[in-house]
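Just so it is clear, the values below take in all heavy atoms, side chains as well, and ignore hydrogens, waters and symmetry mates. Just so we're on the same page: letters track the sequence lines, and every chain starts at 1.
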Number of protein chains: 2
Amino acid sequence: MMVGYNVAILGATGAVGTRMIEQLAQSSIEVASLKLLASKRSAGQTREFKGRTLIIEEATPDSFSGVDLVFSSAGGSVSEALLPEAVKRGAVCVDNTSAFRMDPAVPLVVPEVNADDLNWHHGIIANPNCSTIQMVVALAPIKAQFGLERVIVSTYQAASGAGQSAWNELNTEAQAHLNGETMDAHILPAKGDKRHFPLAFNLLPQIDVFEADGYTHEEWKMIHETKKILLGDMNAKALKVTATCVRVPVGIGHGETVYFETSDEAVTAAQIQHALANGAGVVLEDDPATQTYPTPLTAAGKRETFVGRVRPDLEVDGAFHMWVVADNLLKGAAWNAIQIGETLVARDLVRVSA
Amino acid sequence: MMVGYNVAILGATGAVGTRMIEQLAQSSIEVASLKLLASKRSAGQTREFKGRTLIIEEATPDSFSGVDLVFSSAGGSVSEALLPEAVKRGAVCVDNTSAFRMDPAVPLVVPEVNADDLNWHHGIIANPNCSTIQMVVALAPIKAQFGLERVIVSTYQAASGAGQSAWNELNTEAQAHLNGETMDAHILPAKGDKRHFPLAFNLLPQIDVFEADGYTHEEWKMIHETKKILLGDMNAKALKVTATCVRVPVGIGHGETVYFETSDEAVTAAQIQHALANGAGVVLEDDPATQTYPTPLTAAGKRETFVGRVRPDLEVDGAFHMWVVADNLLKGAAWNAIQIGETLVARDLVRVSA
């Protein structure tokens, strides 16, 4: 009889990895052993897990021998190199990078939305991008009840979505600005890009690098990941999705203005609110009379996706606005990954089939 | 022969009033005399204008005797009480409050867009809301060349749009947060509303108070002011406009993601960019290859409206995204008002007709 799973967290020292350790400790997954893996540079550091001190080890292919379940958030190239090795050794991997998301053989999963896609995994399950996850959690109950034809989203994304170093940079810049000093930028808008701009008291309409068509890669992800999750095909035509992604000077918590057209021109805002209030993983915070709506500061540290400002387009039947906020490090990353792990365990899918 | 105008600035001590003095000093308007007016509380303070020190006087109806041109930014109730008195005494008033914007007898003017509406003024000209002004400056050349059927806008609005005190509060909150202290909020999201929330490192999806239909008054303004400016009727049906307005932790400079559908399904992004590059008051900053796009920090202190991130909806012909940024205190308020004054002077319209 199975008494627990041998788990590894790859990228254990980052903003997401740290939270994966916390979320795993609070999860229903029975952990027989936990291995914390990172780059050579971080090896030797320690982290706490359920009162025990664990030493971080350098990740190598053989690190995964005997491991059942891997949660990875160490960057796309690390996932590409190491996760196939982990799978070869029998581990099931939940990957928070974009490395495998668009592989048709890899399920891209938000448990509240498309948990059944876990049934056909071949060892790797991809965790979607943070901005996609919270949007599809909010859209799924609406799509299920009223159909969905079109989505136009604008994002307000927190610095921590670009990692701990970007988040630190925001705070350093903010202090410099308040001191009347010049702000130095070295990371945002995109680590690998040529030019860097301050985010504090500013807005950067670039997240990730630009594609040839003028969209950023973040916008591309929101479009194609949403289609893959909601319709099973990254190029599905049955739902039109378009996006603009903007980085805002917030530490934790992405906001999104989501405009959508349902298939039902007679649907009311009250019906949309009812669907959301009953939606899995959704908390409806929506009462103008008491100024109730979600904000990043109130959503930070929570696992749910918060929705407010639901109201109809006054000139287009069946079209609505909503305002969606979630903790990008939890539901947008660490918690969604651990939740996939919980679902794999509950469905007895922690095994690699050919 | 006229040697200059007797000018008054009402509300001369606020964030906008201060900038009205500066913009007037730099304008083509020949100023014979300048009177700075404010509430009793501010009377006796001084301000500089072209090297002279002026003493601020308490505004009363008789303050406007002998005044030709008034620029007002002292709040809606002050404008309602005093501007009709100024008009009675022969002054032409450019009002930056919302008091008269929806009066069918009052032109609502952005000079680059609808300067001809100045021809039918009866003494009061309304300056539109900051978020509306920058959007219509960008939309006008597109509408003129390709027609415009639908606009869906999400705003990213700076704290200074709610006044100097809100801007100060953002900075105080930010410092408290960086010190690890609790943030106290007393002003935002809306001065007169019941509850207040911190803006620093946060997002507030409420600007101004809520209307009965679930839209905020700011969103209502963007919808109806846009229709009045672009089509001459605040309820015009020929253009659908809908909006979500969000306050962001920025000092100066509103950002807007503007999604629009033209009447021409064959129009290309290059044609939209060309129209914008030649649009009055527009600066196109749009080159993904060099990460060129507008931001609040680069737009602050400038009079123009900056546009970037122009790209087509990949699934809807004739539909596009753009990112619009302007200094909300200049083009969004003080400069647009002074620019109206310049246009009135140039067209010899600084006189009150019956």
Side-chain angles (χ1 to χ4, degrees), chain A residues 150 152 154 156 170-171 174-175 177-178 183 189 193-195 197-198 200-206 210-211 213-216 223 237 240-242 244 246 248-253 255 257 259 269 288-291 293-298 308-316 319 321 323 325, chain B residues 150 152 154 156 170-171 174-175 177-178 183 189 193-195 197-198 200-206 210-211 213-216 223 237 240-242 244 246 248-253 255 257 259 269 288-291 293-298 308-316 319 321 323 325:
Chain A
R150 189 174 180 184
I152 302 166
S154 295
Y156 301 64
L170 166 63
N171 290 330
Q175 189 60 67
H177 188 77
L178 291 169
M183 296 191 275
D193 217 335
K194 294 175 289 290
R195 299 173 70 195
F197 310 111
F201 302 98
N202 202 17
L203 301 165
L204 299 178
Q206 179 193 350
F210 281 98
E211 304 283 330
D213 59 12
Y215 282 73
T216 60
I223 294 167
K237 300 220 175 302
K240 294 184 173 74
V241 184
T242 192
T244 301
V246 179
V248 298
V250 169
I252 292 182
T257 57
Y259 179 92
T290 57
Q291 294 171 262
Y293 38 69
T295 69
L297 283 182
T298 51
R309 303 292 331 272
V310 175
R311 75 219 118 94
D313 183 327
L314 301 171
E315 298 177 283
V316 180
H321 298 275
W323 167 248
V325 181
Chain B
R150 189 174 180 184
I152 301 166
S154 294
Y156 302 63
L170 166 63
N171 289 330
Q175 189 59 67
H177 187 77
L178 291 169
M183 295 190 275
D193 217 336
K194 294 175 290 289
R195 299 173 69 195
F197 311 111
F201 302 99
N202 202 18
L203 301 164
L204 299 178
Q206 180 194 350
F210 280 98
E211 304 282 331
D213 59 13
Y215 281 73
T216 60
I223 294 167
K237 301 221 175 301
K240 294 183 173 76
V241 183
T242 192
T244 301
V246 180
V248 298
V250 168
I252 292 182
T257 57
Y259 180 92
T290 57
Q291 295 171 263
Y293 38 69
T295 69
L297 284 181
T298 51
R309 302 295 329 273
V310 176
R311 75 218 117 95
D313 183 327
L314 301 171
E315 298 177 282
V316 180
H321 297 276
W323 167 248
V325 182

Ranking Val325(B), Thr257(B), Leu170(B) by heavy-atom pairs under 4.5 Å to chain A gives rank one to Thr257(B)
With chain B, the option among Leu204(A), Asn202(A), Val250(A) that has the most non-hydrogen atom pairs under 4.5 Å is Asn202(A)
Answer key: most heavy-atom pairs under 4.5 Å with chain A among Ser154(B), Ala174(B), Pro205(B) is Pro205(B)
Cut-off 4.5 Å, heavy atoms of chain A, and the answer for Tyr156(B) is both
Given Thr242(A) and Asp313(B), is the side chain to side chain contact (heavy atoms under 4.5 Å, CB included) satisfied, shown in steps?
CA-CA 6 Å; Thr242(A) 192; Asp313(B) 183 327; 3.5 Å; yes
Residue from Thr290(A), Ile223(A), Val310(A) scoring the most non-hydrogen pairs under 4.5 Å with chain B is Thr290(A)
Cut-off 4.5 Å, heavy atoms of chain A, and the answer for Leu203(B) is both
In terms of heavy-atom pairs under 4.5 Å with chain A, the winner among Gly214(B), Ala269(B), Gly255(B), Pro198(B) is Gly214(B)
Okay, Pro189(A) and chain B: the region with an atom under 4.5 Å from a heavy atom over there is side chain
From the list Val241(B), Thr298(B), Ile252(B), the residue making the most non-hydrogen contacts under 4.5 Å with chain A is Val241(B)
Problem - Tyr215(B) side chain vs Pro312(A) backbone, donor-acceptor pair below 3.5 Å - result: yes
Relative to each other, are the rings of Phe197(B) and Tyr293(A) parallel, tilted or perpendicular (30° and 60° limits)?
perpendicular
When the 4.5 angstrom heavy-atom criterion is applied to Ala289(B) and chain A, the contacting part is backbone
Ranking Val316(B), Val246(B), Asp213(B) by heavy-atom pairs under 4.5 Å to chain A gives rank one to Val246(B)
Cut-off 4.5 Å, heavy atoms of chain B, and the answer for Ala200(A) is backbone
Check: Does some side-chain heavy atom of Val248(A) sit less than 4.5 Å from a side-chain heavy atom of Pro249(B)?
Finding: no
* Asked: Between Thr244(B) and Arg311(A), is any side-chain donor less than 3.5 angstrom from a side-chain acceptor?
  -> yes
Most contact-rich option vs chain B, by heavy-atom pairs under 4.5 angstrom, among Lys194(A), Gln206(A), Lys237(A), Gln291(A), is Gln291(A)
Applying a strict 4.5 Å limit to non-hydrogen atoms, the region of Phe201(B) in contact with chain A is both
Bottom line for Arg309(A): the part with an atom under 4.5 Å from chain B's heavy atoms is side chain
Bottom line for Leu297(A): the part with an atom under 4.5 Å from chain B's heavy atoms is both
